[in-house]
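Scroll down for the structure; my scribbles are underneath it.
One-based numbering, in listed order, for ligands and for the atoms of each. All values below come from the heavy atoms of this structure, side chains included, with hydrogens, waters and symmetry mates left out.
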Amino acid sequence: MKRIYLKDLETHLNHEITLQGFVDNIRDLQYVQFIILRDITEKVQITIEKNEENKKLNEIVSNLTNESTIKVVGRLLANSKVKLRGMELLPSEIIVTSKSLEELPFNFKNNDTALIDTKLDYRFIDLRNEKNTLIFKIQSCMIEAMRSYLYQENFIEINTPKIIGTASESGSEVFELKYFNQKAYLAQSPQFYKQMAMASGLEKIFEVAPAFRAENSNTNRHATEFTSFDLEFSYINSFEDVMSFEEDLLIAGFTAVKNQYGEQIKTLFNKEVIIPTKPFPRLKLNEVYQALADNYGYQIPKEDAGDLNSEAEKLTGKLALKKYGHEFIFITDYSFKKRPFYHMRKEGVPQGYDLIWRGCEITTGAQREHRYEILKKQAQEKGLDKDVKFYLEFFKYGCPPHGGFGLGVNRLTMLMLGITIKEAMFIFRGPNRLNP
Ligand code: AMO
């Protein structure tokens, strides 16, 4: 059976068809009954007159509840009196495929009134809200466009292990687990394996997959499990190549989202999708510090020196708009003390960057140190050389110069729509949320 989406009904007028969906609303009047049927794409009215001939159908509708799912066979007719799309289905058969309880845990159609925890507890109902459904259509569109771009550019999609023997991002917390008789960890990023692919000669790879961080923080931008869009490519000349590639990739993604969903995003989220122009502005960390001091009287706290914190990121976003009229800004020249050991350094300066969009970090990228002796020394300096012994092996037998980045998909969606990370994830995972 080929399923008919409600958005495509125009082509089925005057035909007998079978429709399936959720019961969005029921009106049981003196002489007539109306059901509004809903699927992922649209809604349509089903009209059942109350008479002897329809007795069986009338009884089914009388006992029907909102949010039940039904299968309806009937004739689709144009009717200018019907407000919803000027058409109605006159059914000959209604089958209740699943009956919903009368009382829902909250009103998902007006979900601004419900507590976020109630919505997350009943996420399967929360996602029936039109706005929430749209979030995942948009995220899906963005990822598809970026994926297509990478395929065009000859990237190979890979899957790296998520159960690993060594923490990959020493700066952030790691989940430990029991792996038979030894300890294992949940991958914080695919970093080591992206680079292994370079040593394997795959040249250009990417992965869209979960990353795990045992960060015990309840912010609107952190999750303990998130989707990371990671890529790595060989034979670069500097991290400039990586930044430039990210610009093109984001432009491809944003263009697709704007074309397909720009209007709906404006209507439902009151946000404009602005396709960024190349080149995005670039500032060195010291220049950022100076500009934040000059423009906002902001001084980075001692403990964050050499890096940006969330307050500084927010102000940097403001600065990018004010000074360059751009929503994005690359920050480079962080302190090596605050950057991972695998970033290449030039005169002690890490050859990497963070990308800030609308005042929030969405990406870290870099040229990697691919020269075995230097890499080993940098690992030693951070006290990691024993832990990453297997990784250091990748660089002993020939490895091209390379670089790449990791982009947080959920942060991207969150910033695009002006929502929190909890809403931008199909299922949110945080320190206090392990269910559903
Ligand atoms: P980093 O640790 O900066 O870099 O992570 C890359 C991007 O992942 C997203 N992100 C998060 N999103 C939601 N919740 C979190 N707890 C969280 N932590 C990180 C952010 C961030 O910019 N291996 C490097 C990348 C690379 O150099 O290729 C890495 O993991 O958007």
Part of Thr364 with heavy atoms under 4.0 Å of ligand 1, whether side chain, backbone, both or neither
both
Would you kindly specify which portion of Lys194 sits under 4.0 Å from ligand 1, judged on non-hydrogen atoms: side chain, backbone, both or neither?
side chain
Heteroatom proximity flag, Gly408 to ligand 1, N/O under 3.5 Å
yes
Contact region, Arg213 to ligand 1, non-hydrogen atoms below 4.0 Å, reads side chain
Under 4.0 Å, heavy atoms only, figure out whether ligand 1 is touched by the backbone of Phe405, its side chain, both or neither.
backbone
Heavy-atom count around Gln299 CD within 6.0 Å, excluding the residue itself: above 12?
no
For ligand 1, is any non-hydrogen atom under 4.0 Å from Tyr342's backbone (N, CA, C, O), its side chain (CB onward), both, or neither?
side chain
Is ligand 1 under 4.0 Å from a heavy atom in the side chain of Arg221, in the backbone, in both, or in neither?
backbone
Rounded to the nearest 0.5 Å, how far does CD1 of Ile35 lie from CD1 of Ile26?
6.5 Å
Tyr334: partners by ring-ring contact (aromatic ring centres under 6.0 Å, His included), with sequence neighbours left out
none
Which part of Met414 is near ligand 1, with near meaning a heavy atom under 4.0 Å away: side chain, backbone, both or neither?
neither
Trace of the salt bridge (charged side-chain N to carboxylate O under 4.0 Å, His left out) decision for Glu369 with Arg339:
CA-CA 13 Å; Glu369 183 49 75; Arg339 296 266 115 173; over 6 Å; no
Going by atom types alone, do Thr160 and Lys162 pair a side-chain donor with an acceptor below 3.5 Å?
yes
Quick note on ligand 1: atoms under 4.0 Å from a heavy atom of Gln191 include exactly 23 (N), 24 (C), 25 (C), 26 (C), 27 (O), 28 (O)
Does Glu225 reach ligand 1, in the sense of a heavy atom lying below 4.0 Å from it?
no
Under the salt bridge (Lys or Arg N to Asp or Glu O under 4.0 Å) rule, what pairs show up with a residue in residues 133-158, not counting sequence neighbours?
Arg147-Glu157
